[in-house]
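Just so you know, these numbers use all the heavy atoms, side chains as well, and skip hydrogens, waters and symmetry mates. Note that the structure is predicted; figures quoted are calculated from it, not measured.
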Number of protein chains: 2
Amino acid sequence: MSVGIRHDDLRRRNRAMVISAVRRAGQPSRTEIAATTGLSHSTISAISSDLIQEGILTESKASETVSLKRGRPQVGLSLNPEAAAVLAVVLSLNFLSVAVIDYAGQVVAEEQRRLDTLTMSRDELIDECVAIVRRRLEDPDLDVQSVARIALAIQGITDSHARAMLWSPITPQTNIAFADILEREFGIPAIMENDCNMMAVALRWRDPDRYRDDFIAILLSHGIGMGLVLKGELFTGTHSSGGEFGHMIHRPGGALCRCGRRGCVEAYAGNYAIWRNARQLSENAEPVADVSDAEMRALAARARQTDGPEREAYRKAGEALGFGLGSLFALIDPAPVAMVGASAAAFDLIEPALREAIAQTAGGQHSGSISFDTEPNELPLIREGCAMRALSFVDQEIFAPGAQGKSGTARKHVA
Amino acid sequence: MSVGIRHDDLRRRNRAMVISAVRRAGQPSRTEIAATTGLSHSTISAISSDLIQEGILTESKASETVSLKRGRPQVGLSLNPEAAAVLAVVLSLNFLSVAVIDYAGQVVAEEQRRLDTLTMSRDELIDECVAIVRRRLEDPDLDVQSVARIALAIQGITDSHARAMLWSPITPQTNIAFADILEREFGIPAIMENDCNMMAVALRWRDPDRYRDDFIAILLSHGIGMGLVLKGELFTGTHSSGGEFGHMIHRPGGALCRCGRRGCVEAYAGNYAIWRNARQLSENAEPVADVSDAEMRALAARARQTDGPEREAYRKAGEALGFGLGSLFALIDPAPVAMVGASAAAFDLIEPALREAIAQTAGGQHSGSISFDTEPNELPLIREGCAMRALSFVDQEIFAPGAQGKSGTARKHVA
DNA sequence: CTCTATTTTTTCGAGCCTCGAAAAAATACT
DNA sequence: AGTATTTTTTCGAGGCTCGAAAAAATAGAG
């Protein structure tokens with residue numbers, strides 16, 4: 001079972017701890033790191049001296065402005081941007097984007113591309129991804145040697161080992177091991193993640209006060225996705241990325257869902273479902289492939305204006321989301337929720353019915369205390385999550401390697 | 001955030017590792033422990049020598065029968081039964097039981113008692129629990145000094161710090177901090193756990209092959225409860241024991257549940273719901289307080305005999321459980337399920353509709369591969385889970401103490 | 001009955017790691 | 001210029017684990 005702690009693990013873990021403290025805090029001094037990690041000054045001194053020598057950290061004359069204090073001024077430590085770089089690839093409906101991010105987390109290059117993912121063949125899809133990565137890696141401004149990891153996020157279900165896309169609404173293809181493909185192609189460790197999980201990761205970095213140990217990120221888009229953080233850790237399924245909130249059952253045998261089943265939350269709250277209900281089509285009507293953001297905005301505008309089928313459609317969406325959240329809260333207790341995606345801009349239309357529904361569920365006891373935040377733009381969030389996830393891997397597996405880090409392809413020490 | 005690893009934590013953790021290896025394996029030799037923990041022989045030798053000196057482990061001339069091997073015979077290490085003792089208290093509907101368990105996990109004394117929990121006052125309930133514990137502690141055969149922990153399991157919701165019962169179907173009382181009360185009364189560290197969570201813990205110890213990293217224990221009883229283990233850890237809510245599977249919403253606005261809300265899974269699958277449907281009463285009929293096991297057996301017998309309302313009632317129960325499991329599987333992916341409790345004996349009546357329902361959900365893709373096991377007797381399971389949980393605490397916090405173990409009341413080193 | 005092969009367990013010195021205390025460094029204030 | 005203050009480094013002490021070798025304990029061979 002769980003393996004004993006070897007003596008050399010100790011240094012490894014404490015190295016990782018120092019790196020992560022710097023990544024979180026920005027420009028902490030050695031003293032601050034000692035305080036947050038609970039390690040002694042001597043230890044921090046020794047470790048940070050190593051890390052600086054290896055080119056992972058750099059000293060950066062801390063905030064001159066705050067040097068009104070008496071004694072020896074603190075020296076800020078920061079991540080050396082040149083220590084490594086990672087690629088964040090985001091593949092969503094009809095859209096592919098890639099960004100190159102330096103070790104300090106800054107975007108240094110990017111590229112975006114429109115595709116027709118729904119009609120592309122398997123090979124075309126793979127080729128596009130490989131090609132866009134290749135173009136970035138061939139950029140003369142980039143030191144290819146420094147690229148330590150590629151993280152690819154996709155709308156859909158991925159396996160729990162972060163190797164493959166298992167199923168996705170953006171393509172009829174299934175089981176594409178993107179991570180393995182990219183790894184083979186470029187010799188750079190790659191991971192494949194679910195888009196909503198990356199949203200959650202990003203929210204945690206963006207606003208650690210609000211999104212700390214337990215929170216929910218829900219993507220309101222053509223489909224409904226969820227990223228869940230519990231007890232400070234990203235929640236995933238036992239075999240897949242899990243957290244398929246959109247496919248929890250709202251009404252057994254109910255409306256036709258894009259997944260082919262009936263009564264899923266998504267079949268009431270996804271864009272296509274709202275669109276379908278707003279047009280007063282049958283619940284059995286085949287879900288449309290895509291509804292433009294403009295069209296959804298028009299629907300929302302009409303719903304705000306008159307109490308017609310549009311408003312009712314949003315009400316039904318709120319109800320489905322509310323009962324779904326209620327069932328979720330029965331399992332995990334209530335937690336802060338972030339509503340992300342274009343339809344989050346219409347959350348005012350959704351919220352009343354949502355809260356009414358939640359109030360009828362086990363989570364309803366604390367209905368008032370459940371707070372919602374909205375963020376209409378999911379793409380930057382997904383990319384940010386990818387980047388942070390990739391960088392965390394670099395922090396832990398490459399810059400603090402040891403017996404534990406079994407990633408065969410990971411190169412040791414870059415600097 | 002996460003704190004650095006101090007040098008002295010190392011020994012502490014490896015001590016805990018050795019103890020837990022012995023608890024799991026029964027009578028492992030030092031060599032076997034070295035193999036399973038990955039630590040060196042020297043380290044294991046040093047640690048086990050300490051543990052034996054402290055009276056925590058004992059040498060026990062390993063299985064003489066297997067001494068057909070050549071070299072120096074292995075010396076089995078086992079837990080010293082006298083190193084400590086724990087109390088496992090189980091409080092369920094109209095029933096209170098306590099068991100004294102020695103450090104090796106053997107029951108050395110027990111007592112059971114019928115109560116009328118639904119009508120008892122808050123103080124009566126507390127007094128009964130305190131009294132039954134006191135009687136056990138006053139047993140002249142028991143060394144009170146050795147009692148290191150009390151674990152109390154209750155049917156109902158407990159807080160995530162294992163201090164209090166927040167709500168329970170067995171009593172109208174709420175928010176009773178049993179753990180604090182017992183701790184104050186006897187000066188022995190106490191914890192308060194949810195019964196179904198303890199079932200899951202016990203299943204893991206009983207059959208680690210089947211119930212290892214991910215599995216579900218569902219209690220089919222008057223109410224519906226769940227214990228969930230994910231990635232090898234007991235799953236709990238953010239604020240409470242969580243995992244209230246029985247109160248996920250099956251049909252929005254549907255049948256009246258014992259919790260006062262509508263459409264919960266329990267309102268279709270709990271004993272009172274099956275009974276209500278079998279009698280063809282309205283879904284709005286007030287849930288009855290209790291249905292005897294005998295009566296449920298009679299219902300099941302009639303359902304097996306003729307295709308009447310009884311069979312339909314079980315069908316509806318299966319449907320509710322199936323859609324509930326389907327929604328759960330959407331979140332966590334399918335996992336082995338153990339059906340526990342009296343109604344698990346009627347699982348043959350439930351299973352067809354359950355599987356049919358699951359097949360209509362996201363979990364349905366692997367519908368065939370989902371396996372169900374039944375165990376009609378929940379009480380021994382709950383007690384066993386309590387005992388193991390309490391013993392694990394002793395293993396870790398008392399016999400492998402350190403800066404991490406902040407349990408103020410825990411005494412250090414017993415032997 | 002003795003000797004050898006074999007396996008388990010203990011012993012011992014080496015190598016790390018962290019820690020606390022003290023020293024060194026770097027600045028503000030007087 | 002000197003003193004107080006704060007940060008950072010240095011250094012010896014104490015612990016822990018590890019590998020190698022020694023010791024212990026048995027089965028089988030002659």
A:S45 side chain to A:S42 side chain, donor-acceptor N/O pair below 3.5 angstrom: no
Which of these nucleotides, C:dT4, D:dA4, D:dT7, is closest to any side-chain atom of A:R70? D:dA4
Please tell me if the side chains of B:V100 and B:L142 come closer than 4.5 Å, counting only heavy atoms from C-beta onward. yes
One thing to verify: whether A:E193 and A:R163 come together as a salt bridge, which I'm taking to mean a side-chain N less than 4.0 angstrom from a carboxylate O. no
Check the distance between C:dC12's C1' and B:H41's NE2 and give it to me in whole angstrom. 17 Å
Atom-pair distance (CD on A:E59; P on C:dA26), nearest Å: 11 Å
Do the charged groups of B:R30 and B:E59 touch, with an N to O distance under 4.0 Å? yes
Tell me the closest heavy-atom pair linking A:D214 and A:K231, and the distance in Å. OD1-N, 2.8 Å
Rounded distance in Å - CD (B:Q74) to P (C:dT6): 17 Å
How far does the helix from C:dC1-D:dG30 to C:dT30-D:dA1 bend, going by the axes of its first and last five pairs, to the nearest 10°? 20°
Who are the ring-ring contact (aromatic ring centres under 6.0 Å, His included) partners of A:Y103, not counting sequence neighbours? A:F399
Closest approach of B:L228 to B:A200 (non-hydrogen atoms, all atoms of both residues): N-CB, 4.4 Å
Roughly, in whole Å, what's the span from CZ in A:R72 to C1' in D:dT6? 9 Å
Whichever of A:G71 and A:I44 has its nearest DNA chain D nucleotide further upstream toward 5': A:G71
Pairwise N/O distances under 3.5 Å, protein to nucleotides 13-17 of chain D:
unit_1: D:dG14; atom_1: N2; unit_2: B:H7; atom_2: ND1; d: 3.3
unit_1: D:dT17; atom_1: OP1; unit_2: B:N14; atom_2: ND2; d: 2.8
unit_1: D:dT17; atom_1: OP2; unit_2: B:R11; atom_2: NE; d: 3.3

Whole-Å distance separating the CG atom of A:D9 from the P atom of C:dC17: 11 Å
Does D:dA20 have its OP1 or OP2 closer than 4.0 Å to a side-chain nitrogen or oxygen of B:S42? no
So do A:S392 and A:W205 actually touch side chain to side chain, heavy atoms under 4.5 Å? yes
Taking the basic N atoms (NZ, or NE/NH1/NH2) and the acidic carboxylate oxygens, is any pair closer than 4.0 Å for A:R11 and A:D8? no
Expressed as a whole number of angstroms, how long is the span from A:I33:CD1 to D:dT9:P? 11 Å
